[in-house]
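Some notes on the structure that comes next.
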Amino acid sequence: MLSIVIPIYNEEGLIDDLVKRTVSALEAFIDDYEIIFVEDGSEDQSLQYLLNWQNKNHNIKVLSLSKNFGHQAAFTAGLEYAAGEIVGMMDGDLQDPPELFGEMYRKITEENYDIISGTRSGRKGKSGRNIYTSLFHLLFRNVAVIQNMENTGNFSMMKREAVDALLTMKEKVRYLPGLRSFIGFKQGYVEFVRDERSEGDPKMSLSKLFILAADAIFAFSRFPIKMCLYLGLIGTIVFMFAGIYVLIAKIFGFAVIGWSSTLLSIYFLGSIQLVSLGVVGEYVYRIYKESQNRPIYFVKKFYDGNRAK
Ligand code: UDP
Ligand code: MG
């Protein structure tokens, strides 16, 4: 069986389109499938829309979370409930074309890949957000300890073994595309052009996107710590030379007792220290999050169609 996991947060306007397109894309190549919609604490009628669809098509299942946990948590929940031998993941806003699942499935079953990720060869749509995403990928490519992740997102398909491996990683601060690359296995790619969202506003606010980017960088690179170190080193070198200059000036007697140099050095060192403290704080925060060991999500109800409860 093939399972597809789709997170949904306040998407009532596009659920009908989404279900129709996904179902027909899947039925084009497979009969035995389930679509798990993870309803991430929507405030609108999304859940009702999904349940209506479930009445018509028992391959549709709805996992309703107790509140909004964010889309990485929603994906995780869906992966844990997915029963298929092969599992696909896709955003619910039709930016990723469900028609590509056929190609992903073929690569996994015929070419023996374990994981297929969609890579975005381009993007349509509003530029501000896209520039932001490109900047993140540029930075991430240069600093991250994992490779070949550029321009991949959540759109992907995995074999059961890979899904189980992914789910053994219980970290609370999750960046799934990174974790997916980290686990290894035979990884393949299919290219696509990322579409504009088909309806409504993005449900990941810019601040949520920013936090996701920070999570990715802190979890998969040493960049922040290194940056502190370099800043500190630069500071040390600059002020070593400044110190030598001051000494020479003193010895040859042309020292002007000025406050500008003093003030400058205080500003400079102070700012380096503040930046470094902030970075250390980010790590402490993440350690704290992990040590709390709270569940990543809570399920309100799993509507699983076939099985009567
Ligand atoms: N989403 C979610 N919980 C959230 C935010 C978003 O489940 O807190 C879902 C949303 O409904 C969509 C997917 O995650 O199906 C991607 O969201 P969005 O399109 O806003 O993100 P972007 O395309 O900017 O990455
Ligand atoms: Mg989107």
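Whatever order the structure lists them in is the order used to number ligands and atoms, beginning at 1. Atom set for the values below is all heavy atoms of this structure, side chains included, hydrogens, waters and symmetry mates excluded.
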Protein contact to atom 18 (P) of ligand 1 [nearest heavy atom, distance to 0.1 Å]: R197 NH2, 3.5 Å
Checking a contact table here: which protein heavy atom is nearest atom 23 (O) of ligand 1, and how many Å away? Q95 OE1, 2.6 Å
State which residue, out of R286, K208, R174, K172, fulfils the salt bridge (charged side-chain N to carboxylate O under 4.0 Å, His left out) condition with D215. R286
Could you check whether any side-chain heavy atom of Y49 comes within less than 4.5 Å of a side-chain heavy atom of D16, counting everything from C-beta outward? yes
Which ligand 1 atoms does E11 reach within 4.0 Å, using its non-hydrogen atoms? 10 (C), 11 (O), 12 (C), 15 (O)
Identify, for atom 24 (O) of ligand 1, the protein heavy atom at the shortest distance, and state residue, atom and that distance. R129 NH2, 2.5 Å
Report the residues that fulfil side chain to side chain donor-acceptor pair (under 3.5 Å) with K20, sequence neighbours left out, ordered by chain and then residue number. none
Under a 4.0 Å heavy-atom limit, does R194 contact ligand 1 with its side chain, its backbone, both, or neither? side chain
Atoms in ligand 1 flagged as close to D93, the criterion being non-hydrogen separation under 4.0 Å: 15 (O), 18 (P), 19 (O), 23 (O)
How would you list, by chain and number, every residue that makes a salt bridge (charged side-chain N to carboxylate O under 4.0 Å, His left out) with D164, sequence neighbours excluded? R160
Side-chain donor-acceptor pair present, E34, S3, cut-off under 3.5 Å: yes
Contacts of R106 meeting salt bridge (charged side-chain N to carboxylate O under 4.0 Å, His left out) (sequence neighbours excluded), chain-then-number -> E103, E110, E111
At a non-hydrogen distance cut-off of under 4.0 Å, which region of I8 contacts ligand 1 (side chain, backbone, both, or neither)? backbone
Using a 6.0 Å distance limit plus a 45 degree cone around the ring axis, check whether K107 lies over the aromatic ring of Y105. no
If you have a sec, work out which protein heavy atom is nearest atom 5 (C) of ligand 1 and how many Å separate them, to one decimal? K203 O, 3.5 Å
With 2.8 Å as the threshold, which protein atoms of type N, O or S lie near the Mg ion (ligand 2)? Leave waters out. D93 OD2, Q95 OE1
Given 3.5 Å as the limit, does a donor-acceptor pair link the side chain of R180 with the main chain of G153, or not? yes
Only one of F192, F155, Y33 passes ring-ring contact (aromatic ring centres under 6.0 Å, His included) with F101; say which it is. F155
Mind checking whether H71 contacts ligand 1 via backbone (N, CA, C, O), side chain (CB onward), both or neither, at a 4.0 Å heavy-atom cut-off? both
Protein heavy atom at shortest distance from atom 3 (N) of ligand 1: D40 OD2, 2.6 Å
N68 neighbourhood, listing ligand 1 atoms whose heavy-atom distance to it stays under 4.0 Å: 3 (N), 4 (C), 8 (O)
When you measure from the side chain of E80 to the backbone N and O of A82, does any donor-acceptor pair fall under 3.5 Å? no
Salt bridge (charged side-chain N to carboxylate O under 4.0 Å, His left out) for K159 and D114? Distances and angles first, verdict last. CA-CA 5 Å; K159 269 194 189 152; D114 298 306; 3.7 Å; yes
Please check whether G92 reaches ligand 1 - meaning an N/O of the residue sits under 3.5 Å from an N/O of the ligand, judged on distance alone. yes
Check the angle between the aromatic planes of F218 and Y283 and answer parallel, tilted or perpendicular using the 30° and 60° thresholds. perpendicular
Numbering as shown, the atoms of ligand 1 that approach P202 to under 4.0 Å (heavy-atom distance): 20 (O)
In terms of residue, atom name and distance, what is the protein heavy atom nearest to atom 8 (O) of ligand 1? K208 NZ, 2.7 Å
Regarding E43 and N10, do their side chains bring together a donor and an acceptor under 3.5 Å, going by distance alone? yes
Which residue and non-hydrogen atom of the protein lie closest to atom 17 (O) of ligand 1, and at what distance in Å? M204 CG, 3.7 Å
